[in-house]
Number of protein chains: 2
Amino acid sequence: MFEQLGLIGCGLMGGSFAKAMKRAGLVKRVVGYSKSPSTTERARQLGVIDVEAPSALLAVAGADIVLLAIPVAATEATLKAIKHLVTPQMLIMDVGSTKTDVVQAVRASLRDQMGSFVPAHPIAGREVAGVEHADADLYTGRQVILTPTEHTLTAQLKRAEEVWSALGCRVSHMSPESHDAAFAAVSHLPHLLAFAIMNSLTNQVHSDQLLSLAGPGFRDFTRIAASDPKMWRDVLRANREEVLAQSRLFQQALGELEKTMLENDDQKLEDLITLASLTRSNWRMGAQRGRKDDQ
Amino acid sequence: MFEQLGLIGCGLMGGSFAKAMKRAGLVKRVVGYSKSPSTTERARQLGVIDVEAPSALLAVAGADIVLLAIPVAATEATLKAIKHLVTPQMLIMDVGSTKTDVVQAVRASLRDQMGSFVPAHPIAGREVAGVEHADADLYTGRQVILTPTEHTLTAQLKRAEEVWSALGCRVSHMSPESHDAAFAAVSHLPHLLAFAIMNSLTNQVHSDQLLSLAGPGFRDFTRIAASDPKMWRDVLRANREEVLAQSRLFQQALGELEKTMLENDDQKLEDLITLASLTRSNWRMGAQRGRKDDQ
């Protein structure tokens with residue numbers, strides 16, 4: 001049980017965390033700060049936070065748990081702004097989709113206080129942004145990957161595990177590097193590809209007519225293309241090398257399919273599609289248990 | 001109102017059409033044939049068809065409406081097998097995802113009887129195949145593209161429009177060529193890309209661990225990769241040139257995104273993602289009206 005959550009970033013991810021913590025009875029008070037004062041005010045009006053803080057530092061003052069729910073590129077500057085109030089008793093986490101860069105930012109900013117910081121990546125999100133969409137169930141049944149460093153205090157790591165578990169998440173550990181390599185493959189590349197196909201269509205003449213003909217398959221395939229541009233700009237930049245490496249592997253697989261089409265090798269083409277179809281048919285989302293919508 | 005539907009191909013698409021026609025009171029009797037006798041028997045056991053036909057020809061005997069719901073590559077051979085019973089009073093349609101090849105097959109097989117054939121593409125489907133998944137609502141609220149030729153009888157074209165409209169579809173017309181060019185962009189390429197990313201992941205070491213980390217974005221992005229391999233082998237072969245042309249445009253758009261990443265051009269990267277995000281956010285599926293799940 002925590003006394004006060006210092007929420008830095010009152011958007012979809014941060015707002016959903018605050019609502020979930022309140023509903024689970026894990027925190028008494030939420031003090032929130034967002035770069036845009038109108039967002040902070042809106043969060044209070046919606047009851048997502050209890051008190052508006054005029055700065056990140058003041059959101060941390062008196063907090064025993066702090067969540068950074070901001071674009072990963074803003075992590076270092078934000079931590080530098082709050083470091084004077086960071087104590088070893090405090091649990092600080094983020095929700096960023098990349099971890100190597102976050103750990104670097106923590107090293108550079110918190111230094112000897114970095115033991116309080118537990119890098120976290122909840123595998124959850126929506127293609128809509130903003131505190132209006134904050135949902136106490138956003139994290140329910142999802143996976144959360146913690147990427148502790150050798151400096152992370154075991155006491156804070158344990159508390160981080162307890163918090164996410166209490167919110168109904170399945171918690172696992174990875175190194176920041178293996179986390180970023182894995183999510184380049186299963187999350188960052190799919191977003192890059194979804195952005196690319198939308199732009200490829202938009203750049204064509206009659207793109208409006210093309211889009212008017214698209215059906216349910218296209219709807220689901222491109223859903224993630226509607227994601228927040230600033231967040232994904234930062235993710236793609238932060239994890240650039242891994243994403244580009246995955247893109248090369250993807251383009252090899254695409255080239256193999258195209259080769260069989262060009263060579264009219266029907267059996268090979270069917271075999272390649274069958275491999276993809278079976279793999280996808282047999283896959284179930286890791287965090288599926290207890291959820292109905294994860295087929 | 002039709003007396004007898006001759007259903008050739010009792011799978012998901014054909015079975016769903018039969019159920020929808022029955023429910024709408026548009027047909028009295030459904031005589032079905034599938035290449036695999038066990039499928040035909042299963043369709044009868046499930047009440048999707050009333051009578052099992054031992055051949056395509058016998059499924060057409062006595063029918064005033066015929067639906068081909070088979071892999072497009074099987075169209076010509078099937079039409080040759082039934083042509084002796086095709087009359088100008090009969091309405092024959094298909095549900096193929098490609099149209100130029102179907103029209104060629106119609107020309108080659110039916111010749112002077114081709115006026116009875118109305119090429120149709122209902123923009124509906126699921127990633128699961130088989131009569132067990134046949135759904136009377138599969139076509140409800142969807143678009144149906146008809147691609148009549150200069151030989152198509154206006155009387156049959158009008159009846160085709162009436163049938164699909166009565167099933168709750170929005171009917172429009174295109175030439176076979178423009179249909180195939182458009183669907184290469186919004187349907188066939190997305191499937192090719194989804195197959196490619198699944199195979200790219202499967203070919204990596206620790207692919208099981210990678211897949212276990214994938215979340216809701218990946219789930220939706222790859223859903224269509226589970227589609228029927230034989231059907232999609234035929235689609236990609238039949239519409240090869242258009243699909244490869246769309247793939248080149250996609251790879252250009254992907255290359256542009258990668259270039260901005262390599263050059264650390266954050267503003268350009270954000271602009272490109274914003275273009276994709278806004279286009280997708282503002283898009284609504286053409287056949288959305290009356291449906292809740294098409295966001």
Side-chain angles (χ1 to χ4, degrees), chain A residues 123 182-183 185-187 190 192-204 210-227 229-230 232-233 236-237 240 244 247 249-250 253-254 257-258 261 266 269-270 272-277 279-281 283 285-286 294, chain B residues 123-124 182-183 185-187 190 192-204 210-215 217-227 229-230 232-233 236-237 240 244 247 249-250 253-254 257-258 261 266 269-270 272-277 279-281 283 285-286 294:
Chain A
I123 315 307
F183 283 90
V186 297
S187 172
L192 182 67
L193 301 180
F195 300 143
I197 194 168
M198 288 309 301
N199 289 350
S200 171
L201 286 170
T202 309
N203 294 336
Q204 296 182 46
L210 288 180
L211 287 168
S212 74
L213 293 167
F218 179 87
R219 176 194 64 211
D220 293 351
F221 185 74
T222 58
R223 180 179 64 80
I224 54 177
S227 301
K230 281 189 165 45
W232 280 95
R233 172 203 64 195
L236 295 177
R237 175 179 53 187
R240 183 178 78 172
L244 292 174
S247 183
L249 294 175
F250 162 79
L254 176 59
L257 280 157
E258 292 183 326
M261 290 168 68
D266 288 350
L269 179 58
E270 184 182 339
L272 289 173
I273 298 174
T274 301
L275 173 66
S277 183
T279 309
R280 180 57 181 81
S281 301
W283 176 78
M285 194 160 78
D294 300 342
Chain B
I123 315 307
F183 283 90
V186 298
S187 172
L192 182 67
L193 300 180
F195 300 143
I197 195 169
M198 288 309 300
N199 289 350
S200 171
L201 285 170
T202 309
N203 294 335
Q204 296 182 46
L210 288 180
L211 288 169
S212 74
L213 294 166
F218 179 87
R219 175 195 64 212
D220 293 352
F221 185 74
T222 58
R223 181 180 64 80
I224 54 176
S227 301
K230 281 187 164 46
W232 281 95
R233 172 203 65 196
L236 294 178
R237 175 179 53 187
R240 185 179 77 172
L244 292 175
S247 183
L249 293 175
F250 162 79
L254 177 59
L257 281 157
E258 292 183 326
M261 290 167 69
D266 287 349
L269 179 58
E270 183 182 338
L272 289 174
I273 298 174
T274 301
L275 173 66
S277 183
T279 308
R280 180 57 180 80
S281 301
W283 175 78
M285 195 160 76
D294 300 343

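So that the names make sense, note that chain A is the first sequence line, chain B the second, and so on, each numbered from 1.
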A.B. asks: Nearest 0.5 Å please: distance from the CG atom of B:Asp220 over to the CZ atom of A:Arg223.
C.D. replies: 4.0 Å

A.B. asks: If you compare all heavy atoms of B:Ala226 against all heavy atoms of A:Ser281, which two are closest, and at what distance to 0.1 Å?
C.D. replies: CB-OG, 3.6 Å

A.B. asks: Measure the acute angle between the ring planes of B:Phe250 and A:Phe250, then classify it against the limits of 30° and 60° as parallel, tilted or perpendicular.
C.D. replies: perpendicular

A.B. asks: Contact part of A:Leu213 toward chain B, heavy-atom cut-off under 4.5 Å: side chain, backbone, both or neither?
C.D. replies: both

A.B. asks: Using the side chain to side chain contact (heavy atoms under 4.5 Å, CB included) rule, take A:Leu249 and B:Asn203 through it: C-alpha gap first, then chi angles, then the decisive distance, then the call.
C.D. replies: CA-CA 9 Å; A:Leu249 294 175; B:Asn203 294 335; over 6 Å; no

A.B. asks: Rounded to the nearest 0.5 Å, how far apart are CE of B:Met261 and CZ of A:Arg237?
C.D. replies: 11.0 Å

A.B. asks: Roughly how far apart are A:Glu258 CD and B:Leu244 CG, rounded to 0.5 Å?
C.D. replies: 5.5 Å

A.B. asks: Output yes when a side-chain donor or acceptor of B:Asn199 lies under 3.5 Å from a complementary backbone atom of A:Ala276, and no otherwise.
C.D. replies: yes

A.B. asks: Run the side chain to side chain contact (heavy atoms under 4.5 Å, CB included) test on A:Phe195 and B:Leu272 for me, step by step, so that the C-alpha distance in whole Å, both residues' side-chain angles and the decisive distance to 0.1 Å come before the verdict.
C.D. replies: CA-CA 8 Å; A:Phe195 300 143; B:Leu272 289 174; over 6 Å; no

A.B. asks: For A:Asp266 and B:Arg233, work out which heavy atoms get closest and say how close.
C.D. replies: O-CD, 3.6 Å

A.B. asks: Is it the side chain or the backbone of A:Thr222 that comes within 4.5 Å of chain B heavy atoms, both, or neither?
C.D. replies: both

A.B. asks: Write down the atom of A:Met285, the atom of B:Gly215, and the distance for their closest heavy-atom approach.
C.D. replies: SD-C, 3.1 Å

A.B. asks: With no hydrogens and no angle check, is any side-chain donor or acceptor of A:Trp232 less than 3.5 Å from a backbone partner on B:Ile273?
C.D. replies: no

A.B. asks: How long is the gap from CG on A:Leu193 to CG on B:Leu193, to the nearest 0.5 Å?
C.D. replies: 7.0 Å

A.B. asks: For A:Ser277 and B:Ser227, indicate whether the former's side chain and the latter's backbone hold a donor-acceptor pair under 3.5 Å.
C.D. replies: yes

A.B. asks: Mind checking the CD-CG spacing from B:Glu270 to A:Leu236? Nearest 0.5 Å is all I need.
C.D. replies: 12.0 Å

A.B. asks: Checking B:Arg240 now: which residues fulfil salt bridge (charged side-chain N to carboxylate O under 4.0 Å, His left out) with it, not counting sequence neighbours?
C.D. replies: none

A.B. asks: With distance as the sole test, does B:Ser200 use its side chain to make a donor-acceptor pair with the main-chain N or O of A:Ala253 at under 3.5 Å?
C.D. replies: no

A.B. asks: Between chain A and each of B:Ser187, B:Ala194, B:Ser247, count heavy-atom pairs under 4.5 Å; write down the option with the most.
C.D. replies: B:Ser247

A.B. asks: Not counting sequence neighbours, which residues clear ring-ring contact (aromatic ring centres under 6.0 Å, His included) with A:Phe183? List them please.
C.D. replies: A:His121, A:His179

A.B. asks: Which atoms of B:Leu254 are under 4.5 Å from chain A, going by heavy atoms: the side chain, the backbone, both sets, or neither?
C.D. replies: both

A.B. asks: Rounded to the nearest 0.5 Å, how far does CZ of B:Phe218 lie from CZ of A:Arg280?
C.D. replies: 7.0 Å

A.B. asks: Using every non-hydrogen atom in the two residues, find where A:Leu210 and B:Val186 come nearest and quote the distance to one decimal.
C.D. replies: O-CG1, 3.3 Å

A.B. asks: Please find the pair of heavy atoms, one from A:Ala185 and one from B:Ile197, that lie closest to each other, and give the distance.
C.D. replies: O-CD1, 4.4 Å

A.B. asks: Testing the basics here: between B:Leu211 and A:Trp283, what is the closest heavy-atom pair and its distance to 0.1 Å?
C.D. replies: O-NE1, 2.7 Å

